[in-house]
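The structure appears right after this line, and notes come after that.
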Amino acid sequence: MPEKCADPAAARLTQAAACAGGDLGRGGWMSVLSAVLWLPQAALVASVLSGLLDGTATDRTIWLAAGGFAALGLLRAAIQALSDRVLVEAVDHVLARERAELIATQGRRSPMSSGPGSAAVAALASEKLAMLAPFLTRYRPSSLRVRVLPLVIWGVSLWHSWAVAVILLVAGPLIPMFMALVGMAARDASERQMDEIGSLNTLLMERLNALVDIRLLAAAPRVVAQFEGQADALRQRTMAVLRVAFLSSTVLELFSALGVALVAVYVGFALLGQIGFGAWTTPLTVREGIFLLLLAPEFFQPLRDLAAAWHDKAAATAVARDLVEIEADTPSALLGSGVAVAPMSGPPSISARGVRVAVAPGQVVSYPDFDLPAGRTCALIGPSGRGKTVLMSALAGLVPIAGGQITVAGQRLTAETADAWRMRVGWIPQSPHFFAETLQANLRRAAPGATQAELWRALSAVQAEDVVRRLPRGLQTRLGETGTGVSGGEARRLMVARAALGRADVILADEPTANLDSETTAVVTAGLLELARNGASLIVATHDPVLVAQLELRIDLGDVA
């Protein structure tokens, strides 16, 4: 019979905890030790009370017992505080490591790679990963105490009374059984809640990106209604999780109360002489009876703690499932490390031989061979969907190739050379993108040391000076991520100006004149050609026949397979 596969989410939780496994284990065992110290405390209380009842207690024995009880209490508190500190520090390490790995992996995801959106990744890194903390600091230590403390208390109870041991043995296993049944519902409810959180974050990002269009189309009421619906759905998912959590606690309290009550009934009748069996020493002594009464609630306390943390495990399992899914989707990564290095030397020529690139899972596109000498201009033409943007991404080292060879500046483009090659490449995207900083800072990303005079010269090359002067704060204006505050054509001009400021040796422009009026198209085209006249190699993916006519070479992708 084939062995049943382990739960991937459970395995992922184990993997997450492994990086701080030593500290998590020490913290858990310290919490066990703190709980076990109740046994000598209970023995001291039972001895004092029995001595008071039979008249054998003296002031000295009472004060000694009280001092011992207080000392053990302080020791328990100190050990528990140390346990909490160790666990919190270990969890901080786990979360920091998980976030760093997630951001590092997703940060190197190629722009052409499919996979979760930035909103989903942000929700996972910020909100969802934090839900691992209660699992590691509460559920895991509680689970360890459940495996140790009830067995210790049961063994001590059996030493004094086999009847009490039988009661605990019958009542104890019922609780994990019902908790397991409730836990299945808790897991499903938590997974639905995690999905709803991700959906709400994705919706928020999409609507923020389309904020200008929403206002122009007077669609704000509809968007607000959509958010209200999503928020209400999240509320319902959250309440479902809470209902399951309360149900698990109720089930536990019911059976633990019954177990403690049965022990109390047996001890009471035994001490009254109504029951003459169940104890190894007959009859049951007062000290033994009080001691067993004090132990019975503590037998169920680890189970109470586990039930209180049961929904923490369900939430952590849902987060682990998201991690498994996002890690199973192996993204196409950038070539190289993605960090700034010294630029590659040599004339920026480009040569492609037998290049094949995966544009989608199971779909590989082959491209024609071509050579682009340094300082020349080239148009990539062909129907939409034939991979023009993918080819430019491959030429920039933004996606790995599935076959063939790309040679740049006389060197093969590989993971070892990609970072140095990209230092000489400027990219003008079809959809302009601005960072959350001033326009001046955005332009200077291409040339951090550029002076004010150089900034204005670059803007002048694409006739963008008036665009900047019309902005509320000029170069100090903060534009939206997609250029809120300027038109699409003006945003394209600013992108060309940034490329001009960077003085890149190779400019890759993706549909730079798409959806522009004739006047703006002429300005953007003139700016691109000015870059070429200044010595840059220019590769443009375009459908614009006027722009194509002004470029020296053409690579037709219409017949690629």
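- Open room surrounds CZ on Arg503; 12 or fewer heavy atoms of other groups in view lie less than 6.0 Å from it.
- Atom CG of Asn515 has 12 or fewer heavy atoms from other residues, nucleotides or ligands within 6.0 Å.
- By the 6.0 Å contact criterion, CZ on Arg85 is open, its count of non-hydrogen atoms from other residues, nucleotides or ligands being 12 or less.
- Asp505 pairs by the salt bridge (charged side-chain N to carboxylate O under 4.0 Å, His left out) definition with Arg424, not counting sequence neighbours.
- Here His433 pairs with Phe435 under the ring pair (Phe, Tyr, Trp, His ring centres under 6.0 Å) rule; sequence neighbours left out.
- Residue pairs meeting the salt bridge (Lys or Arg N to Asp or Glu O under 4.0 Å) criterion with at least one member in residues 523-533, sequence neighbours excluded: Glu530-Arg533.
- Residues passing the side-chain hydrogen bond (donor to acceptor under 3.5 Å, both in side chains) test with Arg12, sequence neighbours excluded: Glu98, Glu327.
- Here CG of Leu24 is found 9.5 Å from OG1 of Thr137. Values are rounded to the nearest 0.5 Å.
- For Arg376, the salt bridge (charged side-chain N to carboxylate O under 4.0 Å, His left out) partners two or more places apart in sequence, or in a different chain, are Glu552.
- Residues meeting the side-chain hydrogen bond (donor to acceptor under 3.5 Å, both in side chains) test with Thr407, sequence neighbours left out: Gln405.
- Of the charged side-chain nitrogens involved, at least one lies within less than 4.0 Å of a carboxylate oxygen, so that Arg470 and Glu490 count as a salt-bridged pair.
- For the 3.5 Å distance criterion, the side chains of Gln411 and Thr417 fail to qualify, holding no donor opposite an acceptor.
- With sequence neighbours excluded, no residue forms a ring pair (Phe, Tyr, Trp, His ring centres under 6.0 Å) with Phe434.
- The side-chain hydrogen bond (donor to acceptor under 3.5 Å, both in side chains) search around Arg493 returns none, not counting sequence neighbours.
- Distance CG/Leu380 to NE2/His543: 11.0 Å, rounded to 0.5 Å.
- Of the residues Asp544, Ile428, Thr513, the one that meets the side chain to side chain contact (heavy atoms under 4.5 Å, CB included) test with Val524 is Thr513.
- Applying the salt bridge (Lys or Arg N to Asp or Glu O under 4.0 Å) test to pairs two or more places apart or on separate chains, those with a residue in residues 219-232 are Asp232-Arg235.
- Within 6.0 Å of the CD atom in Glu519, the count of heavy atoms belonging to other residues, nucleotides or ligands does not exceed 12.
- Every pair passing salt bridge (Lys or Arg N to Asp or Glu O under 4.0 Å) that includes a residue from residues 410-421 is listed here, sequence neighbours excluded: Asp419-Arg422.
- For the salt bridge (charged side-chain N to carboxylate O under 4.0 Å, His left out) test, residues two or more places apart in sequence or in another chain that qualify with Arg445 are Glu437.
- Listed by chain and number, the residues in a side-chain hydrogen bond (donor to acceptor under 3.5 Å, both in side chains) with Gln15 amount to none (sequence neighbours excluded).
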